[in-house]
**Q** 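Mind looking over this structure? Questions follow.
This structure is a prediction, so every number in the text was calculated from the model and none was measured. In what follows, chains carry the letters A, B, and so on, assigned in the order in which the sequence lines appear, proteins first and then strands, with residues in each chain numbered from 1.
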Amino acid sequence: MKLATWNVNSVRPRLELVLEWLAREQPDVLMLQEIKCETEQFPTQAFEAAGYGCAVVGQKTYNGVATLSHTPFEITNASLPGVADPAARYIEIRTQGLLLGNLYLPNGNSGGEEGYATKLAFADALHDRAQTLLQANTDFVLAGDYNICPTPEDCAPGALGPEDALVRPQSRAAWRRLRWLGLTDALRALHPHGAAYTFWDYQARAWERDSGLRIDHMLLSPRVAERLRTAAPDREEREKPRPSDHVPLVVTLSEPPPRSH
DNA sequence: ATGGCTCGTGAAACGAGA
């Protein structure tokens, strides 16, 4: 099973790029963030023509998430339980025996301390959602743009100041708290050290200087982690004309073991 | 060097992004 997450920074100007990527990579599921359009404006027909059903939560101008699935699915949540903020930042589906949460965690650099508190509140609610799913013995993946660089290795030297919301101690603590539930960081489980960036700023020739960040992640519940085979950012997408500032993170899983009884 | 790009909005700057 092949899963991917990709912050596309607006789906409409990126539609051809995403369709080409789907045709080439043929993932089972692609989780998109920052679609930046209302649900009705999402190019559902184009993705359906490519063989993917769409679960979409959009809004005007900002945010928005969509999950594309090659296999039949049901939507289990169109917002993150416990989050009062109406921003379109979470959609969750069930397919192939997995619950797949697609999230766009608030950046937290705008809106002062109130904006930062929104980020931490979302992370708290995500922790509670993961805990609920673990208690229900559910196999799940939480994938998306977490807007957190978990460790200094995940931030190119000088790319961010120490006060940035992506590296603030409370942001990193929120990430560790998720991991301490027993979740596996797919990328780091297979590649424990070194840069594995998923984002390069459009500005200051960040891509050319490889001044990137690792902020897009997939967390796996324990039984899913046992099936982990590969995890890698697709850096080639950052070379394309008019790219997103993020690249896809691609994870492959082996088939689930036969059920015991 | 707090700017540098790239979006959406809506028709000019501006906010958000990270």
Side-chain angles (χ1 to χ4, degrees), chain A residues 5-18 31-43 56-66 83 85-90 102-123 126 143-175 187 195-217 233 235 237-249:
Chain A
T5 176
W6 193 2
N7 178 324
V8 286
N9 182 19
S10 301
V11 70
R12 288 172 292 176
R14 230 67 75 194
L15 180 58
E16 288 309 311
L17 212 56
V18 176
M31 290 172 263
L32 300 173
Q33 301 86 37
E34 273 205 278
I35 61 173
K36 289 189 179 176
C37 65
E38 294 179 282
T39 303
E40 312 77 57
Q41 299 172 313
F42 188 79
V56 185
V57 178
Q59 68 176 88
K60 192 177 171 72
T61 311
Y62 302 118
N63 309 317
V65 290
V83 171
D85 183 355
R89 293 181 176 275
Y90 187 81
N102 172 4
L103 64 112
Y104 177 44
L105 207 136
N107 174 297
N109 277 313
S110 63
E113 284 306 306
E114 193 179 335
Y116 188 62
T118 302
K119 175 175 195 160
L120 295 181
F122 191 100
L126 191 63
D145 180 355
Y146 281 72
N147 272 316
I148 299 172
C149 296
T151 74
E153 275 191 308
D154 300 314
C155 177
L160 297 176
E163 300 303 319
D164 195 283
L166 279 63
V167 299
R168 276 172 71 166
Q170 283 171 287
S171 305
R172 286 179 165 164
W175 172 260
L187 190 288
Y197 304 140
T198 63
F199 167 91
W200 296 261
D201 201 293
Y202 289 122
Q203 305 182 72
R205 302 176 61 252
W207 168 246
E208 288 79 0
R209 297 185 295 113
D210 198 24
S211 179
L213 308 172
R214 187 175 78 98
I215 52 178
D216 301 275
H217 310 295
R235 292 174 60 104
E237 285 305 306
R238 196 62 178 77
E239 296 275 20
K240 296 285 167 64
R242 297 181 69 81
S244 169
D245 40 7
H246 298 248
V247 297
L249 171 66

**Q** I'd like the C1' distance from B/dG15 over to B/dT2, given in whole Å.
**A**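 It comes out at 16 Å once rounded to the nearest Å.
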**Q** I'd like to know if the side chain of A/Asn109 pairs up with that of A/Asp164 as donor and acceptor (distance under 3.5 Å, no hydrogens or angles considered).
**A**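 Yes.
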**Q** Just N and O in the side chain of A/Asn63: are any of them under 4.0 Å from OP1 or OP2 of B/dA16?
**A** no
**Q** Taking only the P atom of each, what is the distance from B/dA16 to B/dG10 in whole angstrom?
**A** 15 Å
**Q** Starting at CZ of A/Arg89 and ending at C1' of B/dA16, how long is that distance when rounded to a whole Å?
**A**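 Rounding to the nearest Å, CZ of A/Arg89 and C1' of B/dA16 are 10 Å apart.
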**Q** For nucleotides B/dC14 and B/dG3, find the distance between their C1' atoms and express it as a whole number of Å.
**A**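 16 Å, rounded to whole Å.
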**Q** Provide, to the nearest angstrom, the distance between the CZ atom belonging to A/Phe199 and the C1' atom belonging to B/dA18.
**A** 5 Å
**Q** Nearest whole angstrom, please: distance from the P of B/dG8 to the CG of A/Asn9.
**A** 8 Å
**Q** Taking atom P in both B/dG4 and B/dA13, what distance in whole Å separates the two?
**A** 16 Å
**Q** Checking only heavy atoms, does the side chain of A/Asn107 share a donor-acceptor pair with the base of B/dA18 at less than 3.5 Å?
**A**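 Between B/dA18 and A/Asn107, which were checked side chain against base, a qualifying N/O pair under 3.5 Å is present.
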**Q** Can you see whether A/Asn9 engages A/Ser244 through a side-chain donor-acceptor pair at a distance of less than 3.5 angstrom?
**A**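 No pair is found: no donor N or O on one side chain lies under 3.5 Å from an acceptor on the other.
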**Q** How many Å lie between CG on A/Asp164 and C1' on B/dG17, as a whole number?
**A** 11 Å
**Q** Does B/dA18 have OP1 or OP2 under 4.0 Å away from a side-chain N or O of A/Tyr104?
**A**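 True: A/Tyr104 side-chain N/O within range (under 4.0 Å) of B/dA18 OP1/OP2.
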**Q** Measure from CH2 on A/Trp200 to P on B/dT6 and round the result to the nearest Å.
**A** 16 Å
**Q** Among the candidates B/dA18, B/dT9, B/dC7, find the nucleotide nearest to the side-chain atoms of A/Ser10.
**A** B/dC7
**Q** Which nucleotide, B/dG4, B/dG8, B/dG17, lies nearest any side-chain atom of A/Gln203?
**A**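 Closest nucleotide among those given: B/dG4.
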**Q** With rounding to the nearest 0.5 angstrom, report the CD1 to CG distance, A/Ile215 to A/Asn107.
**A** 8.0 Å
**Q** For A/Arg14 and B/dC7, is the shortest distance between a side-chain N/O and OP1 or OP2 below 4.0 Å?
**A** yes
**Q** Please check if the distance between the ring centroids of A/His217 and A/Trp175 is under 6.0 Å.
**A** yes
**Q** Categorize A/Arg205 for me: base, sugar-phosphate, or nothing, with a 4.0 angstrom heavy-atom threshold over every strand shown.
**A**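 Touches nothing.
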**Q** Give the rounded distance in Å between these two atoms: CG of A/Asp216 and P of B/dG17.
**A**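 Those two atoms, CG and P, are 15 Å apart.
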**Q** Once you round it to whole Å, what is the distance between C1' of B/dG10 and NZ of A/Lys60?
**A**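 Between C1' of B/dG10 and NZ of A/Lys60: 9 Å.
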**Q** Compare side-chain N and O positions of A/Ser110 against OP1 and OP2 of B/dG15 and report whether any pair is under 4.0 Å apart.
**A** no
**Q** Can you tell whether the side chains of A/Arg205 and A/Asp210 come within less than 4.0 Å, N to carboxylate O?
**A** no
**Q** Report the distance from atom CH2 of A/Trp207 to atom P of B/dC5, rounded to the nearest whole Å.
**A**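 Spelled out: CH2 on A/Trp207 to P on B/dC5 is 18 Å.
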**Q** Reckon A/Asn109 has a side-chain N or O less than 4.0 Å from the OP1 or OP2 of B/dA18?
**A**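 For B/dA18, neither OP1 nor OP2 has a side-chain N or O of A/Asn109 closer than 4.0 Å.
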**Q** Under 4.5 Å between any side-chain heavy atoms of A/Pro150 and A/Arg172, yes or no?
**A** no
**Q** Would you mind telling me which residue lines up with the more 5' stretch of DNA chain B, A/Tyr202 or A/Asp145, judged by nearest nucleotide?
**A** A/Tyr202
**Q** How far does the P atom of B/dA12 sit from the matching atom of B/dG17, given to the nearest Å?
**A**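 Each nucleotide's P atom is 26 Å from the other's.
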**Q** Given B/dG17, is OP1 or OP2 found less than 4.0 Å from the side-chain N or O atoms of A/His246?
**A**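 No, A/His246 has no side-chain N/O under 4.0 Å of OP1/OP2 on B/dG17.
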**Q** Within the 4.0 Å heavy-atom criterion, would you say A/Leu160 contacts the bases, only the backbone, or no part of the nucleic acid?
**A**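 Since no nucleic acid heavy atom lies under 4.0 Å of A/Leu160, the category is nothing.
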**Q** Have A/Asp145 and A/Gln33 got a donor and an acceptor in their side chains that come within less than 3.5 Å?
**A**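 There is no such pair (donor and acceptor under 3.5 Å, judged by atom type) between the side chains of A/Asp145 and A/Gln33.
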**Q** Roughly how many Å apart are B/dA11 and B/dA1, using the P atom of each and rounding to a whole number?
**A** 39 Å
**Q** Of A/Gln41 and A/Asn7, whose nearest nucleotide on DNA chain B comes first from the 5' end?
**A** A/Gln41
